[in-house]
Amino acid sequence: MAVLSEADLIAVRRSLHRIPELALHEIQTQAYIEEFVKQLDCAWLSVKHVPAVPTALLVRLEGTAPRRTLGYRTDIDALPVEEQTGLPFASNHPGVMHACGHDVHITVALGILAYFAAHQPKDNLLFFFQPAEEAEYGGKRVYDAGAFAGRFRPDEFYALHDNPALPAGQIATRMGTLFAGTTEIHLTFTGKSGHAAFPQKANDAIVAAAAFVMQVQTIVARNVDPVRGGVVTLGTFHAGTIGNVIAGSARLDGTIRAFRQADIEMMQQRVRQIAEGVAATYGVQAALKLIQGGYMPVENAPKQTADLIHYMKHAPAVDFAEVAPAMTGEDFGFLLQQFPGTMVWLGVNDPQHSLHAANFSPDEAALKPGVAALVGFLKHRMEEE
Ligand SMILES: CC(=O)N[C@@H](CCC[C@H](N)C(=O)O)C(=O)O
């Protein structure tokens, strides 16, 4: 297989879009990628599996005169979202959708891989097809399993995320912090259920959980430096079964976000204090789990990022923009703590819909320029110190 045409890239993306899978369950997606890699029939390519994280895949290309190994990571998981795009190639998996565009990410990675499988690179290249970016921090799991060792150790790491607010094909990034660090909140309040008519004999978990929801809003308003910013979002609130039964338990899930690790830790502490305070005030039990995993702030490395920005600004065919940081999270932040590198946005021109929306529909016109910009940069990087 040679370099992929725009039609090839679109066909790959649509095939992947049909088979979205949740974190750590990316079985069909991994099989698709492996079959694609096999079809490349490339003499300088080798593959590595990671038994501790079975849906992960590492693909290495041997360089002609390697001085180092350049890593390129793509995430491969999807979200528990019921697709509402109405597209003819919509998800075949009920309740699961590539609502964050990881189908686009995989396609760009395969486009880059196909190019270098047809044109042997000077430096070694390592492609990391990473499970579990949306949850379960697959990048950290694969790192902790010792997979990036020996010939599979990258000297630098690069990655991309699609962005519906930017024009199709535009590459965008910044020096320093690009994305926030995050922490998942999982909290259950347990009180005592009972008849709606006799609240004095029960202990209503919904009232306690509602107080928690309101009190955590003060963290960003009163504890975070407003110049630096932060987010506390509760995305789920599940309690009760029927209107005339007092709920004995209430479960909340959410996320904490900030650009600095110290702010994240302060916000974690405030969430803990408020959960304990609500439990004491309402006489309920609070079971709280806070999970940061690998979702560290995404810190672009100075040297590699300066070089990437310089390249993208001067490459005639690349549309490049420097952008402000965003409160999205990415466990690529963990990998950037281990290896220097850069994360970029790829514009996919769907300004009416946000990432994670059920009708998010990236513009496929982004695929070809996305592959071209990254291939160009990696080739350039192979000539740089
Ligand atoms: C790019 C993107 O949307 N990433 C996810 C990362 C999730 C982090 C973690 N599961 C959490 O919810 O805190 C995001 O939601 O930003």
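We count ligands from 1, going down the list as the structure has it; atoms in each ligand are counted the same way.
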Hey, what's the ring geometry for Phe157 with Phe339, parallel, tilted or perpendicular (30° and 60° as the breaks)? perpendicular

Under 3.5 Å, is there a donor-acceptor pair linking the side chains of Gln261 and Glu265? yes

State the atoms of ligand 1, each with its element, that fall below the 4.0 Å cut-off from a heavy-atom position in His161. 1 (C)

of all protein heavy atoms, closest to atom 14 (C) of ligand 1 is Arg257 NH2, 3.2 Å

In the protein, what heavy atom is nearest to atom 3 (O) of ligand 1, and what distance, to one decimal place, separates them? His356 NE2, 2.9 Å

Within 4.0 Å of some non-hydrogen atom of Thr255, the atoms of ligand 1 are 11 (C), 12 (O), 13 (O)

Residues in side chain to side chain donor-acceptor pair (under 3.5 Å) contact with Glu26, at least two apart in sequence or another chain: Thr55

For Thr328, the ligand 1 atoms with a heavy-atom partner under 4.0 Å come out as 16 (O)

So which bit of Glu134 gets within less than 4.0 Å of ligand 1, heavy atoms only: side chain, backbone, both or neither? both

Using 30° and 60° as the class boundaries, would you call the ring planes of Trp345 and His161 parallel, tilted or perpendicular? perpendicular

Could you tell me which atoms of ligand 1, counted from 1 in the order shown, lie closer than 4.0 angstrom to a heavy atom of Thr182? 8 (C), 9 (C), 11 (C), 13 (O)

Under a plain distance cut-off of 3.5 Å, with no hydrogens placed, do His49 and Gln30 share a side-chain donor-acceptor pair? no

N/O of Gly329 under 3.5 Å from N/O of ligand 1, yes or no? yes

Can a side-chain donor-acceptor contact be found between Tyr115 and Lys379 if the only test is distance below 3.5 angstrom? yes

Distance from atom 6 (C) of ligand 1 to nearest protein heavy atom, with residue and atom: Glu133 OE2, 3.5 Å

If only side-chain N and O atoms count, and only distance matters, is there a donor-acceptor pair under 3.5 Å linking Arg381 with Tyr311? no

